[in-house]
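Have a look at the structure below, then the notes.
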Amino acid sequence: MKITGVKIYEVNIPLVTPFKTALRTVDCVNDIVIKLLTDTEEVGIGEAPPTAVITGDTKGSIVCAIRDFIVPAIRGMEIEDLDGICAKIKNCMQKNTSAKAAVDMAVYDLYAKHLKKPLYKVLGGHTDRVTTDITISVNEIPEMVADSKRALEEGFKILKIKVGKEGLKDVDRILAIREAVGKDVALRIDANQGWTAKEAVKIISTLEDKGVEMDLVEQPVKGHDLDGMEYVCKHVQTKILADESLFSPEDAVTLIKRHAADLLNIKLMKTGGISEALKICSIAEVYGVECMIGCMLESKISVSAAAHLAAGKQIITRADLDGPALCKVDPYVGGPSFDGALITMPDANGIGITNIEEALWKELQKEET
Ligand code: MG
């Protein structure tokens with residue numbers, strides 16, 4: 001099975017409610033999706049969200065990277081040469097991790113189809129189900145409390161609370177939510193780089209002193225501020241998860257060696273796809289550091305690829321894969337089933353998505369590249 005070209009589309013899916021973090025407010029998933037074509041007519045699918053505030057990738061840069069650099073570098077290669085293809089994707093250009101991720105997952109989709117196995121089995125097949133949390137956007141306290149209660153009614157048992165916009169006021173947000181949802185609900189707190197190191201220690205310690213248990217606190221300080229990450233890790237009991245500080249396997253080694261994180265948040269859009277994510281998993285296994293798998297605002301294709309990875313690898317103990325739960329419509333047929341908090345892997349080969357409601361897609365180029 002030889003790679004012959006690519007078709008590139010834009011997809012637009014409205015969200016149930018606007019997604020708000022310390023970095024941005026968004027009201028629809030507007031991603032680039034691709035079909036990677038082969039000489040056997042088997043098709044691999046991939047997706048990349050333009051999350052410029054985190055990865056630097058825009059819609060235009062993703063399309064250009066896929067069309068002009070990545071696919072030309074792998075065209076003509078046999079899908080059996082998985083390692084060779086992944087090395088070409090990684091090395092054909094610097095950065096552009098979202099574009100690389102879209103192509104990499106389409107390659108893995110094809111590779112698993114070639115082996116006639118669901119992707120999660122090819123990646124280790126640790127389990128066939130994954131439990132995700134759901135994001136509670138940063139808003140005024142009453143709205144966040146109401147959103148948290150609604151999430152529990154929908155069957156979620158783990159909440160990911162977005163904070164980081166108003167410093168110490170976040171203590172009141174988290175206290176109010178903990179009081180409203182009770183002790184059995186796990187709270188993950190994501191500051192999205194919004195605190196200083198001293199603020200973070202003050203906020204987390206205050207909550208700890210009040211007996212508020214948190215599963216983890218994610219990226220309290222700027223991604224590049226490893227001194228700050230180290231300082232926070234040293235001065236609080238709660239586990240600190242690196243997100244914006246972690247893109248590559250090299251970042252994982254640095255974070256672990258400096259003890260600048262207790263946990264690692266892997267996202268395919270930061271690593272450049274499954275191949276590099278697997279390297280982070282290996283490093284995490286060596287050091288005994290648990291991982292979370294996360295996503296950007298993505299629809300079901302790329303979140304499904306991430307779910308397959310989570311089901312494949314035992315070291316991924318937490319999942320933050322709520323992209324499809326936040327979307328108003330699901331334009332895809334097949335793939336993992338997303339039923340509230342529970343994601344169940346499919347029996348179908350590859351990622352498992354067999355059909356796409358193309359009404360929501362806009363083809364960006366008529367000619368195959
Ligand atoms: Mg995060």
Minimum-distance pair of heavy atoms, taken over all atoms of [X] and [Y]:
| X | Y | result |
| --- | --- | --- |
| D57 | A99 | OD2-N, 4.5 Å |
| I66 | A102 | CD1-CB, 4.3 Å |
| W195 | G164 | NE1-CA, 3.6 Å |
| G5 | L36 | O-CD1, 3.5 Å |

Please name the residue in the list D133, D320, D322 that meets the side-chain hydrogen bond (donor to acceptor under 3.5 Å, both in side chains) test with K160. D320
From the list N192, T21, T135, side-chain hydrogen bond (donor to acceptor under 3.5 Å, both in side chains) partner of K162 resolves to N192
Flag the pair [X] / [Y] as yes when at least one side-chain heavy-atom distance between them is below 4.5 Å, and no otherwise.
| X | Y | answer |
| --- | --- | --- |
| R318 | R188 | yes |
| E47 | I353 | no |
| E244 | L23 | yes |
| E285 | K313 | yes |

Name the atoms and distances for all side-chain donor-acceptor pairs under 3.5 Å in residues 262-271, with sequence neighbours left out.
unit_1: D262; atom_1: OD1; unit_2: H259; atom_2: NE2; d: 2.9
unit_1: D262; atom_1: OD2; unit_2: I240; atom_2: N; d: 2.8
unit_1: N265; atom_1: OD1; unit_2: G294; atom_2: N; d: 3.3
unit_1: N265; atom_1: ND2; unit_2: E218; atom_2: OE2; d: 2.9
unit_1: K267; atom_1: NZ; unit_2: D243; atom_2: OD1; d: 3.4
unit_1: K267; atom_1: NZ; unit_2: D243; atom_2: OD2; d: 2.7
unit_1: K270; atom_1: NZ; unit_2: D243; atom_2: O; d: 2.7
unit_1: K270; atom_1: NZ; unit_2: D243; atom_2: OD1; d: 2.7
unit_1: K270; atom_1: NZ; unit_2: L246; atom_2: O; d: 2.9
unit_1: K270; atom_1: NZ; unit_2: N265; atom_2: O; d: 2.8
unit_1: T271; atom_1: OG1; unit_2: L268; atom_2: O; d: 3.3
unit_1: T271; atom_1: OG1; unit_2: G273; atom_2: N; d: 3.1
unit_1: T271; atom_1: OG1; unit_2: G273; atom_2: O; d: 2.7

Could you tell me whether [X] atom [atom1] has more than 12 heavy atoms of other residues or ligands within 6.0 Å of it?
| X | atom1 | value |
| --- | --- | --- |
| E166 | CD | yes |
| E78 | CD | yes |
| D184 | CG | no |
| D347 | CG | no |
| E80 | CD | yes |
| D339 | CG | no |

Separation of K328 NZ from D27 CG (nearest 0.5 Å): 9.0 Å
How long is the span from the CG atom in N96 to the CD1 atom in I89, to the nearest 0.5 Å? 13.0 Å
For H308 and I351, indicate whether the former's side chain and the latter's backbone hold a donor-acceptor pair under 3.5 Å. yes
Linked, directly or transitively: L207 and L241 (ILVMFWY side chains, under 4.5 Å): no
Pair E208-V236, side chain to side chain contact (heavy atoms under 4.5 Å, CB included): steps then yes or no: CA-CA 8 Å; E208 287 173 347; V236 301; 3.8 Å; yes
L175 and its side chain to side chain contact (heavy atoms under 4.5 Å, CB included) partner, picked from V212, I141, T206, D170: V212
Tell me, with the steps shown, if V16 and C327 meet side chain to side chain contact (heavy atoms under 4.5 Å, CB included). CA-CA 6 Å; V16 178; C327 291; over 6 Å; no
Could I get the full list of side chain to side chain contact (heavy atoms under 4.5 Å, CB included) partners for P249, not counting sequence neighbours? E276, K279, I280, I283
In terms of relative ring orientation, are Y108 and Y111 parallel, tilted or perpendicular, with 30° and 60° separating the classes? perpendicular
Steps toward side chain to side chain contact (heavy atoms under 4.5 Å, CB included) verdict (L342, V130): CA-CA 6 Å; L342 186 65; V130 174; over 6 Å; no
